[in-house]
Q: 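Below is one structure. I have some questions about it.
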Amino acid sequence: MIKITFPDGAIREYQPGTTSLDIAKSISEGLAKKVLAASVNGEVWDATRPIYDDSSLKLLTWNEKEGKSTFWHSSAHLMAEAVESLFPGVKFWVGPPVEHGFYYDMDLGDRKITEEDLKVLEKKMNELAKTNSTYIRKEISKADAIDFFSKKGDEYKLDLLLGLEDGKITFYTQGGFTDLCRGPHIPQTGLIKAIKLTSIAGAYWKGDEKNKQLTRIYGITFPAQKELDEYLQMLEEAKKRDHRKLGKELGIYTMDDDVGQGLIMWMPNGTVVIEELEKLAKETENAAGYKRVVTPHIAKESMYLTSGHLPYYADSMYPPMELDGEKYYLKSMNCPHHHKIFAAEPKSYRDLPYRIAEYGTVYRYEQSGELFGLMRVRCLHMNDAHIYCTRDQFASEFRAVNEMYQKYFKIFGIEKYVMRLSLHSPDKLGKKYVNAPELWKETEEMVRQVLIESDIPYVEVQDEAAFYGPKIDVQIFSVIGREFTLATNQVDFSQGRSFKLEYTTADNQTETPLIIHRAPLGTHERFIGFLLEHYAGRFPTWLAPLQVKVLPISDKFADYAQNVLESLKKADIRAEIDNRPEKIGRKIRDTEMAKVPYMIIVGEKEVNETKVSVRRQGRGDAGSTSIEAFIKEINEEIKTRSGG
RNA sequence: GCCGUUGUAGCUCAGUGGUAGAGCACUUCCUUGGUAAGGAAGAGGUCGUGAGUUCAAUUCUCAUCAACGGCUCCA
């Protein structure tokens, strides 16, 4: 007998060779029907795989992350089976589960797959699922595996096999489909009850754009139709808060073919948001000892040769314009200009840390396929600043920047983000990264220590650093699940030397300062895109383009309403009046839809009592009060930047 | 940049080888109404752009631009 230890610590004995599924059945039939896989000694196994030794066991169902991914992985195989039956001769690459569903990459030769085909494939998958075939695991020798795929003529699987060790190769078969796969898989196809193939895309083989592009089909499946319906419903909801949709509805920004791709024009409402953000940044930076600067949008080639940007980033800069025999580039970063400001006057250690900030406009020639609403654009306004400091000052300066992030995030109620410590990749020194191995090591450790000391949770990622040093990126996700860097805090040990920046030390030596590049609010474009989705378009009052709408019940009360409006404007509150000859219900509806935080309703009652009735967007009637009291209250809310 | 999809009124979308339609929004008039849509009338588009096929193109073909879904990229 073997001993099986359950998550709650209970130990039970079973015959050797029993499966997780058998064990589940011994507990309850209901549970057995839900088991998708099992974690055996911490390793995810097929629920149908026999266990021969004493083990710890956790049964995995749809409620567990690993259960879902196993389910989707098996769904990818089911899809491949359907594809193979419809498109004989198709060659497969890989088909993993992803965060929401799965995909499979394949080479269809000259054939093209269409949206119509997806429907046919879904139908076929449903048929195959109903046959309730079991997923059968088989260990196979490398030679036999190579033989199998040679006969099939699948060079992609053969390529995969090259990297695998003999003796550790497994095949999985369900129905008429056999695939090279390490598994695990769910017990039978019948568990897959709801199927939706979501999109067709191209994907480079092995993710390299020099390679052939394969066809990728994305899909998602569920153990019940209800869950698929809920998922589709959720997608609809997400679409409603897509910043591109809200940005248009709320008059935040626009783009135009005649202006160019990725070039945002901020409309009056968007400009209010920008100005409020800048006000916040200026207050915050002023309090933190930053000075403000303003620099031009272009610079000569020589500066970007000095900075080292050109060799690394020429492709993503707009091509230069030639003037008087000189090449001028649109700036794609503000740092070189700021370095020139640092260098304009001699510095001593007494001047450090020297902090200069600018909402700098930069232009980046992003690949056309990359552009995405406000999140990825070609002209951006950075909440930029550079801190020049000594090595001793570095940790406290870097920590102060991180604290500034936290302060901002608290104001905006930003909770869902990932702090990413982005490190270099040693094999790319001299190519993607400045060739200074010692400095990389040293500064990466400095940054890591600051994070650890500040007790900030973070993840470390290789090969994501800037060319001039390691950085901390704050990663956020758009409503449709795309990941973006919202804010960044970077170390630069390179440009100080390139620009020959120096300061005089206390013992009259010259030193090169360390530089911190930071942008806690990222860019206006990305930050406002993020905020639109974060608030679902309902900006807190301090950011709202229009803060109060005055709604007279009828035009008999227009004069009184006008007086209310004047009082609000005098108090610097962004307010408008709705004088249309519409019923109050209609005016309220339109204002609710425009997501204006406050409505003031005035009619006979208010005129008689010299009061105003207040309604909060999304929350309904808030009672009546004097106009003075209302102004005091809303001003307090605006001043403290609360809400949201 | 690559693969795929799409492009008709301000918005959402229907439609046709014989020079276009709906709902909402908009304008005007009537209604003076108390917390999420009052009624009527009207105006608005050379069907993304350019070329080709055709007696005739918004519809078919090609090119081009842009948007969208991915891939690659992202200082």
Side-chain angles (χ1 to χ4, degrees), chain A residues 98 103 105 112-115 198-218 242 244-245 248-249 251 254-262 304 307-309 312-313 315-317 331-336 362 364-373 375-377 380 382 384 422 432-433 464-469 471 473 480 482-485 488 490 492 495 517 519 526 551-558 580-593 599-606 613-624:
Chain A
V98 289
Y103 66 79
D105 282 352
K112 274 189 185 151
I113 201 157
T114 64
E115 303 279 337
T198 47
S199 67
I200 308 165
Y204 299 109
W205 184 43
K206 295 187 180 178
D208 187 334
E209 61 181 327
K210 290 184 198 74
N211 284 343
K212 179 168 181 174
Q213 198 157 51
L214 305 175
T215 301
R216 173 174 298 180
I217 304 177
Y218 282 92
D242 189 314
R244 292 167 297 185
K245 185 172 163 66
K248 185 161 193 65
E249 284 171 3
T254 188
M255 294 193 255
D256 191 282
D257 284 3
D258 281 337
V259 176
Q261 273 189 294
Y304 296 112
S307 71
H309 283 97
Y312 292 98
Y313 297 115
D315 284 351
S316 49
M317 291 175 77
K331 66 175 173 183
S332 63
M333 65 299 292
N334 301 301
C335 30
V362 302
R364 295 178 182 178
Y365 186 71
E366 303 282 6
Q367 294 186 55
S368 62
E370 290 317 313
L371 301 171
F372 179 69
M375 298 295 202
R376 195 79 181 269
V377 294
L380 34 127
M382 289 185 75
D384 214 352
S422 299
K432 191 172 169 184
Y433 304 109
E464 288 288 342
F467 78 84
Y468 44 67
K471 56 178 180 165
D473 293 320
I480 60 166
R482 282 216 219 174
E483 181 176 354
F484 291 96
T485 299
T488 185
Q490 314 179 344
D492 179 355
Q495 289 192 62
H517 303 237
R526 195 169 284 179
L551 310 178
I553 299 275
S554 84
D555 59 12
K556 284 186 203 153
F557 316 106
R580 293 175 306 162
E582 290 290 349
K583 288 189 177 177
I584 193 64
R586 177 55 178 274
K587 290 184 184 183
I588 287 169
R589 178 184 153 83
D590 290 347
T591 315
E592 286 278 349
M593 307 257 284
M599 278 158 260
I600 281 187
I601 294 159
V602 292
E604 192 174 0
K605 201 174 108 212
E606 287 74 18
S613 281
V614 180
R615 184 187 164 98
R616 285 225 63 168
Q617 202 270 343
R619 298 183 211 171
D621 196 342
S624 71

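Numbered from 1 within each chain, the chains take letters A, B, ... in sequence-line order. Small disclaimer: the values here were computed from a predicted structure and weren't measured. Side chains included, hydrogens not; waters and symmetry mates left out as well; all remaining heavy atoms used.
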Q: Measuring only the C1' atom in each nucleotide, how far is B:G1 from B:A43? A whole number of Å is fine.
A: 45 Å
Q: Is A:Lys248 touching bases, backbone alone, or none of the nucleic acid, heavy atoms closer than 4.0 Å?
A: sugar-phosphate
Q: Suppose you measure atom C1' in B:U53 against the same atom in B:G15; what distance do you get, rounded to whole Å?
A: 23 Å
Q: Between B:C26 and B:G69, how far is it from one P atom to the other, in whole Å?
A: 29 Å
Q: With a 4.0 Å cut-off, would you call A:Glu366 and A:Arg376 a salt bridge?
A: yes
Q: On a whole-Å scale, what distance lies between the C1' atoms belonging to B:C65 and B:U31?
A: 49 Å
Q: Roughly how far apart, to the nearest Å, are B:C71 and B:U64 at atom C1'?
A: 23 Å
Q: Salt bridge or not for A:Asp590 and A:Arg580, using N-O below 4.0 Å?
A: yes
Q: Would you measure the distance from the C1' atom in B:A14 across to the matching atom in B:A22 and give it in whole Å?
A: 7 Å
Q: Name the pairs: protein N/O against N/O of nucleotides 43-46 of chain B, kept only if under 3.5 Å.
A:
none

Q: Can you tell me, in whole Å, how much space there is between the P of B:U59 and that of B:G48?
A: 8 Å
Q: I'd like to know if the side chain of A:Lys587 and the backbone of A:Pro552 have a donor-acceptor N/O pair within less than 3.5 Å.
A: yes
Q: When you check every protein heavy atom under 4.0 Å of nucleotides 66-75 of chain B, what one-letter string (B, S, -) results, 5' to 3'?
A: SSSBBBBBBB
Q: What is the distance from CZ of A:Arg580 to P of B:G38, rounded to the nearest Å?
A: 10 Å
Q: Looking at every strand, decide which applies to A:Ile588 at a 4.0 Å heavy-atom threshold: base, sugar-phosphate, or nothing.
A: base
Q: Dot-bracket notation for RNA chain B is requested: 5' to 3', Watson-Crick or G-U wobble pairs only, both distances under 3.5 Å, with ( ), [ ], | and . as defined.
A: (((((((..((((....[..)))).(((((.......))))).....(((((..]....))))))))))))....
Q: Say we look at B:U27 and B:G21: how far apart would their P atoms be, to the nearest angstrom?
A: 24 Å
Q: Closer than 4.0 angstrom, basic N to acidic O: yes or no for A:Glu592 and A:Arg615?
A: yes
Q: Mark yes when over 12 heavy atoms from residues, nucleotides or ligands other than A:Glu604 sit less than 6.0 Å from its CD; otherwise mark no.
A: no
Q: So does A:Arg244 pair up with A:Asp242, basic N to acidic O under 4.0 Å?
A: yes
Q: The side chain of A:Ser613 lies closest to which of these nucleotides: B:G38, B:U32, B:U35?
A: B:U35
Q: Using a heavy-atom cut-off of 4.0 Å across all strands, would you classify A:Arg615 as base, sugar-phosphate, or nothing?
A: base
Q: Would you mind classifying the nucleic acid contact of A:Thr215 as base, sugar-phosphate or nothing, using non-hydrogen atoms under 4.0 angstrom?
A: nothing
Q: Indicate, yes or no, whether a donor-acceptor pair under 3.5 Å links the base of B:A37 to the side chain of A:Arg589.
A: yes
Q: Nearest whole Å is fine: how far is B:U5 C1' from A:Ile113 CD1?
A: 14 Å
Q: State whether a side-chain donor-acceptor pair under 3.5 Å links A:Gln495 with A:Ser307.
A: no
